[in-house]
Structure formats: structure tokens, C-alpha cells
Student: 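Quick one: the structure is below, and I'll ask about it shortly.
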Protein chains: 2
Amino acid sequence: MDSKVFNLKTKLEVYKAMSGGANFADCPVRDVIQGINGKWSSLLVMALAEKPYRFGALRRLVPDISQRMLTQTLQELQRDGYVHREVFPTKPPSVEYSLTDLGRSMFVPLYQLVQWAELNHDAVREARAAFDASSQA
Amino acid sequence: MDSKVFNLKTKLEVYKAMSGGANFADCPVRDVIQGINGKWSSLLVMALAEKPYRFGALRRLVPDISQRMLTQTLQELQRDGYVHREVFPTKPPSVEYSLTDLGRSMFVPLYQLVQWAELNHDAVREARAAFDASSQA
DNA sequence: CAGGATCCCTCTAGATACTG
DNA sequence: CAGTATCTAGAGGGATCCTG
């Protein structure tokens with residue numbers, strides 16, 4: 001491993017940025033991370049990074065999300081400014097979701113993480129298997 | 001926003017990588033992401049990226065985590081191969097937690113995301129305020 | 001010191017049914 | 001079509017007590 005990456009900042013500063021220094025629970029960084037941390041949030045952002053989707057299309061794209069969670073997660077993403085919601089006055093009405101500039105900006109580091117996961121999921125699976133094997137002994 | 005970043009791959013491929021194609025729920029990428037997704041996981045990885053810590057030191061570093069959640073999250077991180085747990089046979093025993101190579105590797109993209117959050121939390125806060133203001137009208 | 005075990009509660013998330 | 005409303009199971013998470 002290259003260790004230069006850890007010197008981008010003093011490492012304690014890195015942690016303090018995330019812990020919020022004095023007021024931990026109110027740390028803005030943790031606050032923002034939490035918004036992306038949901039079970040479906042990052043998945044929907046990845047989907048919308050491709051192109052705008054309508055509600056029903058998103059449902060079909062993510063078959064194992066419940067309609068409730070889809071609505072809720074999209075609202076949270078919209079509230080945090082990642083997703084734009086546009087209603088078209090058709091009959092019956094159609095609603096299109098798309099990433100905002102902020103959402104596209106957030107997608108960049110998120111995509112890095114997903115790429116990492118794609119490259120390293122074998123290592124993680126092996127680690128789990130090894131851990132489970134040795135812990136039952 | 002620079003849109004070149006979205007052409008690293010076909011964007012549908014990006015989503016498919018995360019959705020797992022046919023078998024969505026078993027997608028390895030989603031599986032790995034879930035492991036980092038916990039409320040405390042990323043925070044502890046950030047802390048351990050600075051230097052190894054002992055159990056009690058981590059508790060003091062993250063005052064608002066319960067001892068139960070600290071134990072549990074560290075175990076998960078150890079199981080996934082991000083964290084190494086070393087017991088020193090002192091009296092009373094001391095246990096040191098440190099990042100593995102895999103953990104340090106994962107820290108790289110994670111840190112990118114934290115940096116993004118640090119730079120953009122104002123925009124997120126403003127988006128929330130605007131959303132809340134217009135939704136109560 | 002570093003946890004394991006237990007109890008309890010909240011809040012999430014899923015299923016189902018209904019509406020503009 | 002795109003949601004809201006309601007109910008409920010289960011995970012997340014806190015407090016307390018106990019142990020090697």
C-alpha cells in the first residue's frame with residue numbers, strides 16, 4: 001500500500017473533520033454522510049447518474065425496493081439537493097427524477113467508492129469466510 | 001459540472017455493477033457497500049486511518065457511541081477484513097485495533113467522499129432549508 | 001481493560017390497501 | 001401513474017450488570 005494518500009492532511013484533522021471537533025453529534029460532515037448512507041440512497045443516485053427516470057421506471061429498475069422506500073428515499077435525496085423532481089401535467093400525471101448539479105458532483109466520489117467495491121469484493125468475501133471459519137473453531 | 005466523469009464507463013454499466021444485473025439482492029457491490037454503510041463504520045475507519053487505537057481510546061475519541069455499538073461495529077469491520085484486532089497479553093489485557101491493507105485501500109475512496117462532504121455541506125444545508133421552507137407553504 | 005449478556009425501546013423498512 | 005396511510009416485524013441502538 002502506498003501511504004502517501006494519508007498525508008493529504010494531518011490525519012487527526014481528517015478525523016476531526018468528521019467528528020465535528022467539540023460538538024460531535026452536530027458535525028456537518030457526519031450529517032451529510034448520513035444522508036448518503038441509507039440502504040437505497042447511493043443505489044438510486046447511481047441509477048439517476050445514467051439518465052433521468054420516472055417513478056415507475058425506477059421501481060422496475062430496482063425490483064427489490066418497496067414503493068414506500070422509493071418514495072421516501074427520493075424525498076430525502078430531493079431534500080438534500082441531490083435530486084430534482086419535475087411533475088409533468090399529463091393525464092395521468094408523470095413525474096421525472098434527475099440528478100442536480102450537486103448530485104452529479106456527489107456522484108464523483110461515490111462512484112470511486114463503488115468502483116473500489118467492484119474491484120475488491122472478492123477480498124471482502126474471502127475475509128468474511130476466513131473470519132467465520134476461525135471464529136467457529 | 002464537468003460531465004466527462006460520467007463517461008468512465010457506460011452509465012448503465014455503472015448501475016448494473018451496483019444492481020448485480022440479474023440477481024439484485026445478491027449483488028456483491030451492494031453487499032460491500034452495505035458493510036461500509038453503517039452509522040459508525042466509516043467514522044471508525046476514518047479514526048483508525050490516523051493510527052491504531054485501543055478499545056477505550058476509541059470510546060473516548062467517539063464519545064457518542066455506545067460500548068455495544070463500538071464492539072459490534074469493530075467486529076463487522078474485522079470480519080470484512082478492514083480492521084486488524086491484536087490482543088496484547090498484559091494485565092489487564094489491552095487490545096489494539098488497526099487498519100489492514102484492505103482497510104487502508106478502502107480508506108482512499110472513502111476519504112474522497114468525506115472531503116466532498118466537507119466542501120459541500122453548506123450547499124446541502126441550504127438545500128434542506130429551501131426544501132423545508134417551500135414544503136410548508 | 002475489553003468486552004459478553006441481557007433487557008428494552010425506538011425507528012426503520014416492508015407489505016398491504018387506498019387516493020388524486 | 002405516482003403517490004399517501006396504516007400496520008407490523010425486525011433491526012438498530014441505549015443502559016445496565018457481569019466476567020476473564
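Throughout, protein chains are lettered first and strands after them, A, B, ... in sequence-line order, and every chain is numbered starting at 1.
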Student: What is the minimum heavy-atom distance between A:A47 and A:L61, and which atoms define it?
Tutor: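 Heavy atoms of A:A47 and A:L61 come nearest at CB-CD2, 3.8 Å.
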Student: Might you point out which heavy atoms bring B:M46 and B:L110 nearest each other, and give the distance in Å?
Tutor: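 Scanning both residues, the minimum pair turns out to be SD-CD2, 4.0 Å.
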Student: Taking the nucleotide of DNA chain D with the nearest heavy atom to each, does A:E96 or B:Q67 sit closer to the 5' end?
Tutor: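 Looking at DNA chain D, the more 5' nearest nucleotide goes with A:E96.
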Student: Given D:dA2, is OP1 or OP2 found less than 4.0 Å from the side-chain N or O atoms of A:R54?
Tutor: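 Affirmative; the distance criterion is met.
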Student: Tell me whether A:R128 is salt-bridged to B:D31, with the criterion being a basic N under 4.0 Å from an acidic carboxylate O.
Tutor: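 Judged by the 4.0 Å cut-off on N to carboxylate O distance, A:R128 and B:D31 do form a salt bridge.
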Student: Rounding to 10°, can you tell me the angle the first-five-pair axis of the helix from C:dC1-D:dG20 to C:dG20-D:dC1 makes with its last-five-pair axis?
Tutor: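 Roughly 50°, once rounded to the nearest ten degrees.
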Student: For A:K39, which contact category applies under a 4.0 Å heavy-atom criterion: base, sugar-phosphate, or nothing?
Tutor: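 Contact class for A:K39: sugar-phosphate only.
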Student: Take the protein atom CZ of B:R68 and the nucleotide atom C1' of D:dG12, then report the distance between them rounded to whole Å.
Tutor: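 Those two atoms, CZ and C1', are 8 Å apart.
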Student: Between D:dA15 atom C1' and B:D64 atom CG, what is the distance in whole Å?
Tutor: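 After rounding, the reported distance stands at 16 Å.
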Student: For A:K91 and D:dG3, give me the distance from atom NZ to atom P, rounded to whole Å.
Tutor: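 Computing the A:K91:NZ to D:dG3:P distance gives 19 Å.
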Student: Under 4.0 Å between a Lys/Arg side-chain N and an Asp/Glu carboxylate O for B:D64 and B:K39?
Tutor: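 No, this pair does not count.
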Student: Just by distance, with hydrogens left out, do A:Q75 and A:R79 show a side-chain donor and acceptor under 3.5 Å apart?
Tutor: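 No - no donor-acceptor pair under 3.5 Å links their side chains.
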Student: Can you name the nearest heavy-atom pair linking B:Y97 to B:L48, along with the distance?
Tutor: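 Scanning both residues completely, I find the closest heavy atoms to be O-CD2, 3.5 Å.
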Student: Rounding to an integer number of Å, can you tell me how far B:R59 CZ sits from D:dG13 P?
Tutor: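 Taking atom P of D:dG13 as the reference, CZ of B:R59 is at 16 Å.
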Student: Quickly work out the A:L58 CG to D:dG3 P distance and round it to whole Å.
Tutor: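 After rounding, the reported distance stands at 10 Å.
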Student: Nearest heavy-atom pair of A:L99 and A:V45: which atoms, and what distance?
Tutor: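 Minimum heavy-atom separation between A:L99 and A:V45: CD1-O, 4.0 Å.
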Student: Closest nucleotide of DNA chain D for A:V95 versus for B:M69: which of these residues is on the 5' side?
Tutor: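 Checking each residue's closest nucleotide, the 5'-ward one belongs to A:V95.
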Student: Give the rounded distance in Å between these two atoms: CD1 of A:I65 and P of D:dA2.
Tutor: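 So the CD1-P distance, A:I65 to D:dA2, works out to 14 Å.
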Student: Reading DNA chain C in the 5' to 3' direction, which nucleotide is the first one with an atom under 4.0 Å from a heavy atom of chain A, and which is the last?
Tutor: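 So the contact region on DNA chain C extends C:dA13 to C:dG20.
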Student: Would you mind classifying the nucleic acid contact of B:Y97 as base, sugar-phosphate or nothing, using non-hydrogen atoms under 4.0 angstrom?
Tutor: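 Sugar-phosphate, backbone atoms only, no base.
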Student: A:F55 CZ to D:dG3 P: how many Å, rounded?
Tutor: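 From A:F55 CZ to D:dG3 P: 5 Å.
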Student: How close do A:H121 and A:E118 get, heavy atom to heavy atom, and via which atoms?
Tutor: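 For A:H121 and A:E118, the tightest heavy-atom pair comes out as CD2-O, 3.0 Å.
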Student: Given atom CD of A:E76 and atom P of D:dG3, what is their separation to the nearest angstrom?
Tutor: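 Result: 15 Å.
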Student: For A:R85, which contact category applies under a 4.0 Å heavy-atom criterion: base, sugar-phosphate, or nothing?
Tutor: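 Here A:R85 touches the backbone only, sparing every base.
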Student: Using a strict 4.0 Å threshold on nitrogen-to-oxygen distance, state whether A:D80 and B:R125 make a salt bridge.
Tutor: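 So A:D80 does not pair with B:R125 through a salt bridge.
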